[in-house]
Amino acid sequence: LLTGKDPFKNRTLSDIHQGIRPNISKLDKNIQLLLNKCWSNDPMMRPPFSEIVNIIQLKYFLDHFEVDEVEVANYLRLFDKYSKIYDQNYMNKIKENIEKGDIDAMRFYGLIDQKEKLKYLKMAADKGNVEAMFDYANYLSYLQIEESTKYLKMAADLGHVLAMHNYASHAFIGKGIPSNKQDAVKYYKMAADLGNPNAIFNYGTFLYNGDVIDMNKKEASKYIKKAADLGSTEAMNLYGRMLLLGDGIQADYNEGARY
């Protein structure tokens, strides 16, 4: 719907299992983040529909898609009368678990309760739930950018791959913190080495350009090729050009033309 293209054309089930996804690099960055979460290989990383609905109702998304807020509200209200029939007891049970100190219950309640979302996500995050740190940072990214960046770094330092990539982006451009390109490179590499496709390409370009770290085109080619093979058209273009020109690697016209 966003690109007008068949998302997995000419891809096999094996490709999908390996993490190869459609190229969405031309889409808005916030939409990219949401889509990457939704098609994560790890089911636990995929947001529930309640979270997706909450995200796309944020003012940023409504403005981006020029959505009629009244129409959306009326549509979602159709589901309220059904959900309340069986949800109240369940929600009360979750609240009981929260009172007992259940951190997962705090995060879950934060994801499904629109009014107290930030309160409970922060509660879970401050008690060490890494996913809650990332969720809290995502929701704050449109409201309190400094706080959002703080929690992204917390999640990144505890091993959350998408948080590593997003924090690196913040550090590079100075979003919520003073710009720190050396820190950006560090976190891009951390995410790249854990398989994040965007981070793989970004770190490869740092090595290729040599404007933040020492230039190493041979090493750069490994990252850029990997990103290309994961579906990045920017990486395909750059790697193909490197092969055609013998730019830092052995020239190979046929392989360059293919990329």
Side-chain angles (χ1 to χ4, degrees), residues 1-12 15-16 18-41 45-47 51-53 55-67 134 137-138 141-142 145 148-149 152 161-176 179 181 184-185 187-189 191-192 194-209 211-212 220-245 247 256-259:
L1 290 174
L2 291 170
T3 65
K5 297 178 181 178
D6 183 345
F8 291 101
K9 188 176 182 180
N10 300 323
R11 290 295 187 188
T12 66
D15 291 334
I16 297 169
Q18 292 175 36
I20 297 175
R21 298 291 185 263
N23 176 38
I24 55 173
S25 59
K26 293 184 179 179
L27 297 180
D28 177 89
K29 294 293 184 184
N30 291 305
I31 295 172
Q32 288 185 46
L33 289 175
L34 177 58
L35 290 177
N36 283 328
K37 287 181 68 176
C38 288
W39 60 34
S40 170
N41 269 5
M45 293 286 289
R46 301 173 198 155
E51 180 181 349
I52 296 171
V53 169
I55 291 173
I56 63 178
Q57 287 185 90
L58 291 171
K59 187 176 187 302
Y60 176 87
F61 282 90
L62 295 175
D63 291 346
H64 181 82
F65 290 110
E66 299 180 353
V67 171
F134 183 70
N138 274 347
S141 64
Y142 309 96
I145 191 60
S148 171
T149 303
L152 271 182
V161 180
L162 280 177
M164 293 173 191
H165 173 271
N166 295 356
Y167 177 73
S169 299
H170 285 215
F172 187 77
I173 64 175
K175 185 177 180 181
S179 177
K181 294 185 178 181
V185 172
Y187 282 87
Y188 272 133
K189 187 177 189 306
L194 289 173
N196 182 277
N198 290 331
I200 292 168
F201 178 65
N202 288 334
Y203 184 68
T205 58
F206 282 123
L207 288 168
Y208 179 83
N209 293 317
D211 54 352
V212 181
S221 70
K222 298 175 184 177
Y223 284 89
I224 295 168
K225 180 183 186 300
K226 186 173 183 180
D229 291 342
L230 287 172
S232 168
T233 54
E234 292 177 289
M236 293 175 196
N237 181 59
L238 178 54
Y239 186 64
R241 193 168 71 244
M242 291 176 75
L243 287 166
L244 290 172
L245 301 176
D247 185 9
R258 185 172 75 84
Y259 275 91

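For reference, positions follow the sequence shown, starting with 1.
Distance OG/S169 to CG/N202: 6.5 Å, rounded to 0.5 Å. Put simply, CG on N198 and CG on N166 are 9.0 Å apart, with the number rounded to the nearest 0.5 Å. For the atom pair F134 CZ and L33 CG, the distance stands at 6.5 Å (nearest 0.5 Å).
You'll find the side chain of L230 stays beyond 4.5 Å of the side chain of F201, heavy atoms only. Side chains of M236 and N23 form no contact here, defined as non-hydrogen atoms less than 4.5 Å apart. Looking only at side-chain heavy atoms (C-beta outward), R258 and L243 stay at 4.5 Å or farther from each other. Side-chain contact check for L162 versus K37: some heavy-atom pair is nearer than 4.5 Å.
Nearest heavy atoms, P197 versus A227: O-CB, 4.2 Å. Of all heavy-atom pairs spanning N30 and D28, the tightest one is N-OD2, 2.9 Å. Smallest separation of non-hydrogen atoms from D229 and I20: O-CD1, 3.7 Å. Closest non-hydrogen pair, S25 versus Q32, comes out as O-NE2, 3.3 Å. Shortest non-hydrogen contact noted between G240 and Y259 is CA-CB, 3.7 Å. Of all heavy-atom pairs between Y167 and L152, the closest is N-CD1, 4.0 Å.
For the 3.5 Å distance criterion, the side chains of D247 and Y239 fail to qualify, holding no donor opposite an acceptor.
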Inset, instruction - Please lay out, stage by stage, how I24 and N36 fare under the test side chain to side chain contact (heavy atoms under 4.5 Å, CB included). - result: CA-CA 9 Å; I24 55 173; N36 283 328; 4.0 Å; yes
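Annotation: ring-ring contact (aromatic ring centres under 6.0 Å, His included) contacts of Y188 (sequence neighbours excluded): H165, F206. Scored by the side-chain contact (heavy atoms from CB on, under 4.5 Å) test, K222 finds E219 as partners (sequence neighbours excluded). When the side-chain hydrogen bond (donor to acceptor under 3.5 Å, both in side chains) test is applied to Y223, the partners found at least two apart in sequence or on another chain are D193.
Judged by distance alone, with hydrogens and angles left aside, the side-chain atoms of S179 form no donor-acceptor pair with the main-chain N or O of I173 at under 3.5 Å. A distance-only check finds a donor-acceptor pair linking the side chain of T149 to the backbone of K175 [under 3.5 Å].
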